[in-house]
Amino acid sequence: MVVSMFEVLCACVVILYLLYHYLTSDFAYWTSRGVNGPKPIPFFGNIANFMLGNNSMGGFYKEIYDRYPNDAVVGIFLRGSPALLLRDPDYIKQVLIKDFTSFANRQGTRDSVYEKADPMSMHLFRLDAVRWRPLRTRLSPTFTSGKLKDMFHLLLNCSDHFEKYLNNIVSKNSIVECRNLTSKFTIDVIGSCAFGLEMNTLKEEDNQFYQIGRKIFRSTPKVMLRTMLREVPWLYKRFGHILSDLDVTKFITDITRDTIEYRKRNNVRRHDFIDTLIELKDNPDKLGVNNVTDEFIAAQAFVFFAAGFETSSSTMSFALYELAQNQSIQDKVRNEIKEVLDSTGGEILYESIKMMTYLNMIFRETLRKYPIVMFLTRKAIKDYTFEGTKITLRKKQEVIIPVYAIQNDPNIYPDPEVFDPERFSAENVKQRNPMYHLPFGDGPRNCIGARFAINQTMLGLIKVLMNYKIEVCEKTQIPLVYTPMSTLLLQSTHGIYVKLTKLS
């Protein structure tokens, strides 16, 4: 049987038409519901600039947020899938808190769990609601106020090592790269508080924990390609392992397994994060399963390690960057630190952190201007209609909460580019909707380690401010430029450099 060129051409046309129809079949979803939004294009939807590496997802969501200032919600398309970007705080509260049971799943397309392609994705942050609930219940006691107070001496010990390290590396007038400096401190803290290990990151430039931490959050073409591949889940499931960081997976799995085996063999109990993981490994029924794999346990250690490494070190770095440019703020907070420590005989106590109200305001303003997690995602677990509206979501559709855009909105925070800790005075906070400040999220799926991160960051800042004047230098990038290759986290393209001068 001979097939003519005309028949081949017709078949190609039909295939292309069917492909086009498949890619655009939902493109009328938002217009048919009266929801405004940018016009999508086939295959890309509205995220062409992200997929081509020209903009981060957080930057894209800010562009959309700014483009529709009079809309409570904006309809967008993540490739062919309709998603809803929320601008109204009441809708945000419905999703995060009031109707949480309808949005208990956090993961979107880019945040899904891929057990084979990416074993370290099986962690608390990404797990679906069914697996998340029992795990969150078992891990939460590790982060209670009582537990944090018990481990405060470990934090303090690490901060003392950090202070000695600063004394060794900082000459009379030294330029330092903040991310490099602060991440070594946070690695030591996590190693001590989570794993019960001495990291020695401050002494060893080639420390493996430090190198792994930097690798997890680097922005490279390979990482960008892996991120884009996640936009096509069926493809990522089959080929994602080719682009995965096998050395990261192996290192975290091995160190977690070795630490657990050592403790069990030597009957070591520290009542910390690893002890909790041992309990889960030995009693999988508490998670409603018959078996818990080494990779699943390691994934929980991975997210604690990764989150503690990146979020706290970045927050410290951004705070030092702003303090370098705002000497009056720096002088004021240094005076507060001195007053509090004078009242305790120079000793930093667990209660001292709460007494430093202005330092707390600086911390919150830093996360206002520089939210490390630029946006939150939730996925509807059933069909949902927003209260008092005809805005409907289908089951599994994504909702986007653009944290970076909200916290840099001049209508909410006048002159958002100005670093002003007074925005977080008790009086000003009362006048503002709490949904306008979400660096740790809110509701049942908020950041489990938020209080730990606060203590860690504040201690690090105290040690720097007690001993050094922070100033800009010729290498300080003003303003900062953010990488377009980031999906979720706020990252600068340039190092954050400041000059530290020893105080007399």
Side-chain angles (χ1 to χ4, degrees), residues 24 26-52 54-99 102-103 108-110 231 368-371 373-380 384-394 397-417 432-439 441-442 482 484 486-488 490:
T24 63
D26 252 352
F27 277 6
Y29 187 88
W30 294 122
T31 54
S32 67
R33 288 162 173 78
V35 176
N36 288 332
K39 186 177 180 180
I41 58 176
F43 184 72
F44 294 104
N46 300 125
I47 59 173
N49 280 337
F50 166 71
M51 294 186 70
L52 296 174
N54 298 323
N55 198 359
S56 66
M57 284 302 291
F60 160 67
Y61 291 139
K62 187 176 188 304
E63 286 182 2
I64 299 300
Y65 179 96
D66 293 341
R67 197 187 307 175
Y68 296 87
N70 299 317
D71 290 276
V73 298
V74 183
I76 60 174
F77 291 86
L78 306 177
R79 295 200 314 112
S81 303
L84 194 65
L85 184 139
L86 306 184
R87 300 183 83 263
D88 186 281
D90 290 336
Y91 294 164
I92 294 173
K93 187 174 182 178
Q94 285 183 45
V95 168
L96 294 182
I97 304 172
K98 189 175 180 180
D99 291 332
S102 297
F103 295 94
T109 303
R110 290 153 303 286
E231 296 291 332
R368 190 279 306 170
K369 188 174 180 181
Y370 306 101
V373 177
M374 291 189 285
F375 58 92
L376 305 174
T377 58
R378 295 291 187 270
K379 183 181 286 188
Y384 180 86
T385 301
F386 281 93
E387 188 177 298
T389 76
K390 294 182 180 179
I391 302 171
T392 59
L393 294 168
R394 291 191 306 234
Q397 281 187 334
E398 287 185 52
V399 174
I400 312 297
I401 300 168
V403 176
Y404 177 71
I406 291 169
Q407 294 182 180
N408 284 274
D409 183 343
N411 295 310
I412 301 170
Y413 296 96
D415 300 317
E417 72 285 352
R432 194 167 49 239
N433 193 304
M435 295 298 103
Y436 287 149
H437 190 251
L438 297 168
D442 208 333
Y482 304 121
S486 174
T487 306
L488 178 65
L490 185 69

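The structure displayed is predicted, hence computed values, not measured ones. Computation of the quantities below employed the complete heavy-atom set of this structure, encompassing side-chain atoms and omitting hydrogens, waters and symmetry-equivalent molecules.
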[X] vs [Y] side-chain heavy atoms within contact, under 4.5 Å:
| X | Y | value |
| --- | --- | --- |
| Asn49 | Ile47 | no |
| Thr385 | Lys390 | no |
| Leu86 | Ile400 | no |
| Arg394 | Asp26 | yes |
| Tyr370 | Gln407 | no |
| Pro38 | Arg67 | yes |
| Leu438 | Pro371 | no |

Closest contact, heavy atoms only, [X] versus [Y]:
| X | Y | value |
| --- | --- | --- |
| Ile41 | Ala48 | CD1-CB, 4.2 Å |
| Val373 | Leu376 | CG1-CD2, 4.3 Å |
| Gly45 | Phe27 | CA-CZ, 4.4 Å |
| Pro82 | Trp30 | CB-NE1, 3.5 Å |

- For Tyr482, all residues meeting ring pair (Phe, Tyr, Trp, His ring centres under 6.0 Å), sequence neighbours excluded: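 If we apply the ring pair (Phe, Tyr, Trp, His ring centres under 6.0 Å) test to Tyr482, skipping adjacent residues, there are no hits.
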Within this structure, what is the [atom1]-[atom2] distance for the pair [X] and [Y], rounded to the nearest 0.5 Å?
| X | Y | atom1 | atom2 | answer |
| --- | --- | --- | --- | --- |
| Met57 | Leu78 | CE | CG | 5.5 Å |
| Asp90 | Asn433 | CG | CG | 6.5 Å |
| Asn36 | Ile64 | CG | CD1 | 11.5 Å |
| Ile401 | Ile406 | CD1 | CD1 | 7.0 Å |
| Gln94 | Met435 | CD | CE | 11.5 Å |
| Lys379 | Ser102 | NZ | OG | 15.0 Å |

| query | Is the shortest side-chain N to carboxylate O distance from Arg87 to Asp66 below 4.0 Å? | reply |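 The answer is no: the pair does not qualify as a salt bridge.
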Give a yes or no on whether a salt bridge exists between Glu417 and Lys369, defined as a side-chain N under 4.0 angstrom from a carboxylate O.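 No, Glu417 and Lys369 are not salt-bridged.
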Check the side chains of [Y] and [X] for a donor-acceptor pair under 3.5 angstrom, ignoring hydrogens and angles.
| X | Y | answer |
| --- | --- | --- |
| Tyr65 | Asp409 | yes |
| Asn55 | Glu63 | yes |
| Tyr436 | Arg368 | no |

Review point. Can Asp442 and Ile97 be said to form a side-chain contact (heavy atoms from CB on, under 4.5 Å), step by step?
Key: CA-CA 7 Å; Asp442 208 333; Ile97 304 172; 3.8 Å; yes
Please check if the distance between the ring centroids of [X] and [Y] is under 6.0 Å.
| X | Y | result |
| --- | --- | --- |
| Tyr384 | Phe103 | yes |
| Tyr404 | Phe375 | no |
| Phe386 | Tyr91 | yes |

Evaluation steps, side-chain contact (heavy atoms from CB on, under 4.5 Å), between Leu393 and Leu84 = CA-CA 8 Å; Leu393 294 168; Leu84 194 65; 4.0 Å; yes
ask   = Under 3.5 Å, side chain of Asn46 to main-chain N/O of Lys39, donor-acceptor pair present?
value =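 Yes, the answer is positive, given that a donor and an acceptor are paired below the 3.5 Å cut-off.
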Go through the steps to decide whether Met374 and Phe60 satisfy the test side-chain contact (heavy atoms from CB on, under 4.5 Å), and finish with yes or no. CA-CA 11 Å; Met374 291 189 285; Phe60 160 67; over 6 Å; no
Row check, Phe77 ring normal vs Arg79 NZ/CZ: under 6.0 Å, within 45°:
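Because its charged atom misses either the 6.0 Å distance or the 45° angle limit, Arg79 does not stack over Phe77.
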Working note: Val35 + Thr31, criterion side-chain contact (heavy atoms from CB on, under 4.5 Å); need CA distance, chi angles, decisive distance, verdict.
CA-CA 6 Å; Val35 176; Thr31 54; over 6 Å; no
